[in-house]
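To keep things clear, I will list the structure first and then write my remarks on it.
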Amino acid sequence: MAAYSFYLTSVFAEKASAGDPLVVFDLVAWPDEQVLQMMAYQMCGEVAFLHRASGEVRFFSPQFQLPFSAKGLLGAALVCRELDGRNQQQLSCATGSYSLFVDANGVTLQSAAGRTRPASRGQVEIAYALGIESHEILAPVQFVDAGSEQLMVQVRSRQTVLQTRPHSALLAEYADTPKQIAQAVIWHRDGDIVLMRSFTADHFSIYENFGDGSAALNLASSYLANGGRLPFNVKIEQGHTIEKLISRLSLIFLQIDTKLDLHMRGKVLLLGSGELKA
């Protein structure tokens with residue numbers, strides 16, 4: 001039976017009782033994927049497996065492997081800095097190689113803008129699937145892929161974001177993508193503040209993410225694809241509707257530079273460490 005070291009982090013967290021939990025395993029060698037999936041299942045949440053010798057990271061939910069996780073990259077970068085002392089990190093995953101920088105303000109991920117494609121359903125159908133009024137949606141509604149493809153829906157008001165009540169089967173159908181399980185993001189911008197909610201759907205259930213860095217990158221990509229002007233520098237808030245006894249508010253800082261590269265920053269807290277035998 002092998003023993004694997006892991007670190008418990010909270011990503012996009014301004015304090016220990018906020019942010020989104022992430023477990024990062026520090027691996028010397030890659031075990032079988034079946035073992036990785038079992039380990040992720042035992043952790044009951046998203047897990048990043050880090051192979052520091054190569055800089056490769058793989059991401060798993062308790063049920064399946066993920067092609068990309070911005071949150072996972074930020075957590076892995078912090079663990080690397082804690083173990084090797086270097087602020088600058090170059091990490092790779094299934095979707096490419098990424099530069100990350102750790103400082104007192106948090107961990108910053110640099111990425112190129114993602115690809116877009118039109119939604120396959122009309123505005124009225126998508127509104128119905130989200131449980132909102134169709135006139136609240138700002139066109140265009142698009143699939144955006146800056147690592148993880150999601151259906152991006154911008155709306156006119158903060159209240160619409162807060163009152164969204166998705167229909168699981170419809171959203172799973174309308175946000176379906178060949179890359180991974182269906183995901184949809186609804187957001188509203190007011191000046192430099194963005195309120196965002198992110199949903200993962202199958203035909204039986206809805207799960208709301210409250211630290212979705214991948215959605216933040218897609219939001220910036222959508223903004224660029226639709227002719228948005230620079231400068232673009234916003235703070236994204238998530239977690240207002242998560243029903244938890246402890247606050248789970250997540251804060252993501254997002255910027256587009258003059259070269260049209262995306263910079264996503266969030267604080268990552270190291271909460272503890274341990275060992276799993278598998």
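Small disclaimer: the values here were computed from a predicted structure and weren't measured. Keep in mind that the numbers below use all heavy atoms, side chains included, and drop hydrogens, waters and symmetry copies.
Between the side chain of S273 and the backbone N or O of Y7 there is no donor-acceptor pair closer than 3.5 Å. Although no hydrogens or angles enter the test, the distance criterion places a donor-acceptor pair under 3.5 Å between the side chain of H51 and the main chain of V28.
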The test is side chain to side chain donor-acceptor pair (under 3.5 Å); show your working for D145 and Q150 and say whether it passes.
CA-CA 7 Å; D145 185 0; Q150 298 169 315; over 6 Å; no
Which is it for M43 and L8 under the side-chain contact (heavy atoms from CB on, under 4.5 Å) test, yes or no, and what are the steps along the way?
CA-CA 10 Å; M43 295 293 105; L8 176 61; over 6 Å; no
Show the numbers, then the answer: is there a side-chain contact (heavy atoms from CB on, under 4.5 Å) between Y223 and R189?
CA-CA 11 Å; Y223 179 83; R189 181 183 179 186; 3.6 Å; yes
M39 and L276: CA distance, side-chain angles, deciding distance, side-chain contact (heavy atoms from CB on, under 4.5 Å) verdict
CA-CA 8 Å; M39 292 163 67; L276 178 68; 3.8 Å; yes
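A distance of 7.0 Å separates CZ of F68 from CZ of F59, quoted to the nearest 0.5 Å.
In this structure, R158 fails the cation-pi test against W187, since its NZ or CZ atom is not both closer than 6.0 Å to the six-membered ring centre and inside 45 degrees of the ring normal. Within the cation-pi definition used here (under 6.0 Å to the ring centroid, within 45° of the axis), R117 qualifies as a partner of F143. Geometrically, R265 engages F253 in a cation-pi contact, judged by NZ or CZ lying under 6.0 Å from the ring centre and within 45° of the ring axis.
Counting heavy atoms from C-beta on, the side chains of F232 and L260 never come closer than 4.5 Å.
Side-chain contact check for D202 and S205: at least one donor-acceptor pair (N or O, by modelled atom type) lies under 3.5 Å. The closest side-chain donor-acceptor pair between Q110 and D257, if any, does not fall under 3.5 angstrom.
A parallel orientation is assigned to the rings of F49 and F25, their planes being inclined by less than 30° (bins at 30° and 60°).
Between D20 and K71 a salt bridge is recorded (basic side-chain N to carboxylate O distance below 4.0 Å).
Under the rule for a side-chain contact (heavy atoms from CB on, under 4.5 Å), the partners of S157 that lie at least two apart in sequence or sit in another chain are E136, Q159, T160.
Of the options E237, Q238, E208, a side chain to side chain donor-acceptor pair (under 3.5 Å) to R197 is made by E208 and by none of the others. Of the residues listed (L138, T164, I186), the one engaging V155 in a side-chain contact (heavy atoms from CB on, under 4.5 Å) is I186, and it is the only one.
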